[in-house]
Amino acid sequence: MTIAVQKVPDFLDPVLDNSNVNERIMWSLFNTLVTTDYRDGGKLKPGLATEWKILDAQTIEFKLRPGVKFHNGDDFNAKDVVFSFSPERTGQEKNGAKPVLSMPFLGGIDKVDVIDPLTVRIHMRTPDALIVQRFANYPAQILSRKGFEDAGSMEAYSKRPIGTGPYKLSDFNLGERVILQSFAGYWGEEKAAAGKVTFTVVPEASTRIAGLLSGQFDIVTELNPDNFQQIESSSNAAIVGGAVENIRGVVYDSTGSILSDPRIREALDLSIDREAIVKSLYNGKTEMPNGWQMKTFGAMYLADRPAPEFNPGKARELLKAAGYKGERISYRTMNAYYTNEIETAQILQGMWSAVGLNVQLDVKETWDQINEDTPDRAIFNASFTAYYPDPMGQFWRRFGTSSNWAASKIFVVDPEQASLGETLATSMDTDERRKVFAEMLDRFNSNPHGSALHLLTQFFGVNKTRLTLDTMPTNYLDLTTAGVQFK
């Protein structure tokens with residue numbers, strides 16, 4: 001099976017690469033202690049742990065699944081769990097690790113005790129409202145301790161990680177391809193659907209589509225509604241997928257730039273006509289969230305909150321009050337990492353220009369260029385996956401005190417918001433957490449560090465003469481027999 005993608009990740013170890021392109025691959029390579037079943041309403045089910053018990057608000061115990069093999073043939077046991085959640089893998093700079101990516105997810109782990117070879121007890125530093133969910137999602141994938149030791153360094157291991165998933169890594173050529181092979185020793189009921197899967201980089205959507213229609217590719221990614229008619233009118237291809245549990249948005253660098261004044265950032269937010277973007281670029285095939293939240297939050301979803309406000313008049317008033325004189329504001333964007341990325345950037349530029357904001361597009365080729373810390377960095381694109389069905393897994397993970405953007409000094413979280421975030425993270429009272437979350441969203445509206453645009457889409461083109469693809473409402477791509485059926 002050959003899958004044409006716009007990009008492959010720089011690293012395959014999840015803690016080193018939090019990206020949409022890596023999520024597509026990690027579902028095949030790794031497992032978590034608890035499994036999130038996206039086809040059953042996000043219910044939590046046994047994974048590498050057969051059962052778990054919350055001992056108190058800071059402690060959880062897992063019984064591990066016997067008989068599980070890693071891709072190198074080693075037995076999975078408690079020592080691999082200790083390694084997977086150890087500081088040397090998840091939060092330290094030594095061995096070349098990037099310390100900030102995993103901190104919002106796993107930084108609260110205090111220690112992992114081995115009770116016996118198939119039992120671990122995990123202690124959190126503080127009470128944790130998400131003490132189960134934290135081990136059912138990214139980046140809690142379990143990797144081989146011995147594989148890490150054999151690799152010799154974090155960076156080397158990130159290019160050849162060893163997991164327990166239905167596929168094992170066969171080849172990784174940075175910037176070009178990732179090749180997986182089915183793993184005969186996989187423990188799960190759903191096996192690898194293909195003997196070999198090749199993710200090949202094809203940057204241009206038109207080239208990916210041509211390859212799909214010619215039969216060169218079985219699946220192609222990052223399509224938009226403008227491509228649908230060409231694909232659906234063909235005899236051998238079809239469109240699958242849709243909106244996923246992820247918000248597409250932009251981030252504002254508010255330290256040391258023209259955007260340090262919150263009134264200018266609020267004006268940017270108020271100038272965005274999200275409905276127009278959804279209609280013009282997506283033909284209504286996605287939707288606007290009502291604030292930084294998803295329906296998957298369940299009891300924490302604030303259904304009565306309004307959609308983000310579109311108010312150009314108020315935006316102009318804020319700019320006047322801030323003394324904005326038309327200074328240049330840089331908007332860094334890539335051409336097509338996200339679906340309709342450059343088209344969205346051009347529309348936003350026009351909306352901002354209409355209220356007097358001098359936003360200029362600076363098109364970059366890589367994330368390193370996007371993230372480069374220079375005085376002109378002001379606006380850049382991002383997505384906000386709901387890794388946990390809770391505000392902690394989306395809003396506060398991205399805009400909180402432990403976020404990689406806060407650590408990188410892109411913005412500073414004000415003390416009052418930080419205090420509310422602490423309550424959101426540690427309270428076990430749903431009513432209290434709902435009240436706190438609502439207050440946090442209100443505060444963010446007047447001091448925004450980013451703007452939500454719409455639900456991210458993941459549309460795929462599929463060679464319907466060869467296979468069917470059952471997608472999930474997530475960036476993960478299921479290439480097991482549950483997700484792919486060959487004809």
Side-chain angles (χ1 to χ4, degrees), residues 18 20 36 38 41-44 104-105 128-130 132-134 136-138 242-252 265-266 269-270 272 274-275 277-278 282 286-310 381-403 405-406 411 413-414 416-458 472-475:
N18 179 358
N20 301 343
T36 302
Y38 292 98
K43 290 181 181 178
L44 300 181
F105 302 92
D128 188 353
L130 302 177
V132 180
Q133 290 92 334
R134 201 167 297 284
N137 296 282
Y138 170 92
V244 296
E245 294 172 1
N246 184 320
I247 294 174
R248 169 77 165 83
V250 294
V251 178
Y252 304 133
R265 284 180 271 123
E266 186 178 1
D269 188 65
L270 290 167
I272 300 172
R274 294 155 175 89
E275 186 175 356
I277 293 174
V278 168
Y282 293 91
T286 187
E287 60 186 78
M288 299 176 291
N290 55 339
W292 290 100
Q293 57 170 348
M294 310 287 295
K295 293 176 183 177
T296 188
F297 289 1
M300 286 299 296
Y301 178 65
L302 308 178
D304 58 348
R305 286 195 71 84
E309 184 180 5
F310 173 50
N381 294 323
S383 65
F384 302 77
T385 302
Y387 284 113
Y388 311 138
D390 187 274
M392 287 294 300
Q394 186 177 55
F395 172 72
W396 196 235
R397 174 181 67 83
R398 290 300 239 168
F399 291 120
T401 50
S402 295
S403 73
W405 292 325
F411 53 73
V413 181
D414 72 73
E416 292 83 359
Q417 187 81 317
S419 178
L420 291 168
E422 183 70 14
T423 301
L424 183 72
T426 60
S427 174
M428 302 295 170
D429 184 326
T430 300
D431 289 339
E432 180 183 38
R433 296 184 77 236
R434 284 175 58 88
K435 182 179 178 181
V436 164
F437 181 39
E439 184 176 348
M440 293 172 76
L441 291 178
D442 288 341
R443 295 181 65 86
F444 195 83
N445 284 344
S446 59
N447 186 18
H449 297 305
S451 291
L453 300 178
H454 54 77
L455 299 191
L456 187 77
T457 61
Q458 290 289 344
M472 302 182 290
T474 170
N475 292 323

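In this text the structure is predicted, and so the values were computed from the model without any measurement.
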Would a distance-only check, ignoring hydrogens and angles, find a side-chain to backbone donor-acceptor pair under 3.5 Å from [X] to [Y]?
X: Thr36; Y: Ala136; value: yes
X: Arg134; Y: Phe105; value: yes
X: Asn137; Y: Gln133; value: yes

Query raised in the report: What class does the angle between the rings of Tyr282 and His454 fall in, given that below 30° is parallel, 30 to 60° is tilted and above 60° is perpendicular?
Result: tilted
Report task. Check the angle between the aromatic planes of Phe399 and Phe444 and answer parallel, tilted or perpendicular using the 30° and 60° thresholds. Result -> tilted
Could you report the tightest heavy-atom contact between [X] and [Y], atom names first, then the distance?
X: Ser403; Y: Pro104; answer: CA-CG, 3.8 Å
X: Pro308; Y: Gly291; answer: CD-N, 3.9 Å
X: Ala425; Y: Met392; answer: CB-CE, 3.6 Å

Query raised in the report: In chain order, what residues pass the ring-ring contact (aromatic ring centres under 6.0 Å, His included) check against Tyr252, with sequence neighbours excluded?
Result: none
Query - side chain to side chain donor-acceptor pair (under 3.5 Å) partners of residues 384-395, not counting sequence neighbours, each pair once - result: Asn18-Tyr387, Glu23-Tyr387, Asn246-Thr385, Thr385-Asn475, Asp390-Arg433
Query - Residue pairs fulfilling side chain to side chain donor-acceptor pair (under 3.5 Å) with at least one residue in residues 418-431, sequence neighbours excluded - result: Ser427-Glu432
Would you indicate whether the side-chain heavy atoms of [Y] and [X] approach each other to under 4.5 Å?
X: Thr286; Y: Arg248; result: no
X: His449; Y: Val251; result: no
X: Ser451; Y: Arg274; result: yes
X: Trp292; Y: Arg398; result: no
X: Met294; Y: Leu455; result: yes

Query raised in the report: Is it the case that more than 12 heavy atoms not belonging to Glu309 sit under 6.0 Å from its CD atom?
Result: yes
Query raised in the report: Partners of Glu287 by side-chain hydrogen bond (donor to acceptor under 3.5 Å, both in side chains), sequence neighbours excluded?
Result: none
**Report entry** OG1 on Thr474 to CG on Leu456, rounded to 0.5 Å
**Finding:** 10.5 Å
**Report entry** Gap separating the OG1 atom of Thr401 from the CG atom of Asp414, nearest 0.5 angstrom
**Finding:** 11.0 Å
Can you give each donor-acceptor pair under 3.5 Å made by side-chain atoms of residues 297-306, sequence neighbours left out, with the distance rounded to 0.1 Å?
unit_1: Tyr301; atom_1: OH; unit_2: Asn290; atom_2: OD1; d: 3.1
unit_1: Arg305; atom_1: NH1; unit_2: Asp442; atom_2: OD1; d: 3.2
unit_1: Arg305; atom_1: NH2; unit_2: Asp442; atom_2: OD1; d: 2.9

Requested in this report: Not counting sequence neighbours, which residues clear side-chain contact (heavy atoms from CB on, under 4.5 Å) with Met440? List them please.
Outcome: Phe395, Trp396, Gln417, Leu420, Leu424, Val436
